[in-house]
Amino acid sequence: MRASRLLSLLLLLQARGRMTAAELSEELEVSVRTVYRDVEALSSSGVPVYADRGPAGGYQLLDGYRTRLNGLTAEEASSLFLAGLPGPAAELGLADVAAAAELKLLAALPPEPRSQASHMRERFLLDVPGWYRDADDVPHLGEVADAVWEGRKLRMVYRRWGPAEVERLVSPYGLVLKGGSWYMVAAPDGAAARTYRVSRILSLEVLPDRFTRPEGFDLGEFWQTYAAEFRDRMYTAEATVRLAPGGEDLLRYTMGTRPVDTALAEAGPPGPDGWRVLRVPVESVRHACWQLLRLGARLEVLEPPELREMMAATVSELAAMYGDAAAPAQVSRSAPR
């Protein structure tokens, strides 16, 4: 246990440079006193770690010192090969680089972790896009990635929902792959960061001007907050429905797992016929009508009245369209020839 912690401390100092005892204790989840003892143990074993005193002080390694130890367990090494998504790497122009890095990592591993990593690669594959749609066409993804990496501003023509084309000058902070679609997190001049779907960029110019990335900006934290706010903005209304027994999975597939599970948890017990009354969040009356019709006669809308009326009107139109087909088909009873 202590050997693993000492290695983690060494790798932290190698990766981040100077760190205080308090920072190390927080990262390693040990007391500051334990950090003192671990640093002393590293120093005694020949690792050139030293301390700077004062408010800006901390522990750091002698300049130029690098350890060749990676400290990867067999399970940790195996898990890394699940991150090798060939499709996204190719879209970013990094397919050859990722393949070379994988080979180098395999070569650096001891026999047992190397064998487990190879088994992992042969037996597991991550395929990001959903079943019923292809990944977005993203011809400008490479240029966007370069601008993100180099900190250069972009001038682009972007197709918004509508559709409407707008010109934007933005500072790109990062790229996110979500459900097979690439999103750029970028800030227009003088505005807060927002998201742009890369497939909607119609034309792009990478400018020589560089931008200063906001201090403390965290891409992962921004995306989590954005995703949560997006879900809140998406559901602007509520519908009360009766759901037939066994219709839960189809409703989850249609409206999403989280809102349906929340509605089921808040619902009362089923009635004598097994049907349950649920209050489900919806984006709009029109969108809810399109969604809920997919459940056919296994769901009845109770409220709001305008949604119930729209459902009834749509069903009436369908009945009129397929009225002739509703009658039993006339089966020929003539003897076969």
Side-chain angles (χ1 to χ4, degrees), residues 80-102 121 124-189 191-211 213 217 219-220 222-231 233-234 253-258 283-284 286-287 290-291 294:
L80 291 177
F81 288 89
L82 281 179
L85 301 175
E91 290 175 342
L92 287 169
L94 298 175
D96 294 340
V97 176
E102 184 176 307
R121 182 177 57 181
F124 296 95
L125 174 69
L126 300 183
D127 187 12
V128 177
W131 277 109
Y132 301 107
R133 68 180 184 89
D134 294 330
D136 287 347
D137 183 21
V138 282
H140 300 292
L141 180 61
E143 295 171 277
V144 173
D146 288 343
V148 168
W149 183 254
E150 297 176 5
R152 296 188 183 276
K153 292 188 176 183
L154 294 172
R155 179 178 289 114
M156 64 180 181
V157 175
Y158 185 77
R159 186 178 74 252
R160 297 192 301 187
W161 291 103
E165 296 180 9
V166 295
E167 184 173 323
R168 290 286 184 267
L169 176 65
V170 298
S171 300
Y173 296 159
L175 280 167
V176 177
L177 179 63
K178 171 70 172 178
S181 298
W182 285 98
Y183 295 87
M184 174 179 65
V185 177
D189 276 1
R194 60 189 65 176
T195 63
Y196 300 88
R197 193 159 174 165
V198 178
S199 62
R200 291 181 169 270
I201 298 176
L202 303 179
S203 64
L204 187 72
E205 180 186 1
V206 180
L207 303 178
D209 305 348
R210 295 183 181 272
F211 63 88
R213 189 181 180 86
F217 178 81
L219 181 61
F222 170 88
W223 184 259
Q224 287 183 352
T225 302
Y226 167 79
E229 292 176 349
F230 177 80
R231 286 192 295 268
R233 291 194 307 268
M234 183 172 64
Y253 177 80
T254 301
M255 304 193 69
T257 301
R258 181 177 296 181
E283 295 183 39
S284 65
R286 183 173 299 278
H287 190 266
W290 171 80
Q291 284 185 310
R294 302 173 71 177

If you measure from CG on D209 to CZ on R155, what distance do you get to the nearest 0.5 Å? 8.5 Å

Interatomic distance, CZ@R197 vs CZ@R159, rounded to 0.5 Å, equals 9.5 Å

So NE2 of H287 and CE of M255: to nearest 0.5 Å the spacing works out to 8.5 Å

Could you report the tightest heavy-atom contact between A147 and L154, atom names first, then the distance? CB-CD2, 3.5 Å

Over all heavy atoms of both residues, which pair between L219 and L175 is shortest? Give the atoms and the distance, please. CD2-O, 3.8 Å

E150 side chain reached by V206 side chain, heavy atoms, under 4.5 Å: no

Starting at CD of E165, measure out to CZ of R160 and round the result to the nearest 0.5 Å. 11.0 Å

Counting only heavy atoms not in R258 (residues, nucleotides, ligands), do more than 12 fall under 6.0 Å from its CZ? no

Heavy-atom nearest pair, V138 first then S199, reads CG1-N, 3.9 Å

Is the closest side-chain heavy-atom distance between T195 and V176 below 4.5 Å? no

Would you call I201 and W182 a side-chain contact if the rule is heavy atoms closer than 4.5 Å? no

Supply the atom-to-atom distance R152 CZ to S171 OG, rounded to the nearest 0.5 angstrom. 12.5 Å

Taking the six-membered ring for Trp, are F222 and F217 parallel (under 30°), tilted (30 to 60°) or perpendicular (over 60°)? tilted

Do D189 and K153 touch side chain to side chain, with heavy atoms closer than 4.5 Å? yes

Flag the pair L204 / M156 as yes when at least one side-chain heavy-atom distance between them is below 4.5 Å, and no otherwise. yes

For W223, the ring-ring contact (aromatic ring centres under 6.0 Å, His included) test, sequence neighbours excluded, returns Y183, Y226

Shortest non-hydrogen contact from A193 to V185? CB-CG1, 4.2 Å

Distance in Å, R200 CZ paired with D137 CG, rounded so as to fall on 0.5 Å steps: 13.0 Å

Smallest separation among heavy atoms of A186 and P172, with atom names: CB-CA, 3.7 Å

Aromatic W290 / basic R286 pairing, under 6.0 angstrom, 45° off normal: no

Measure across H140 and L202 and return the closest heavy-atom pair with its distance rounded to 0.1 Å. NE2-O, 3.4 Å

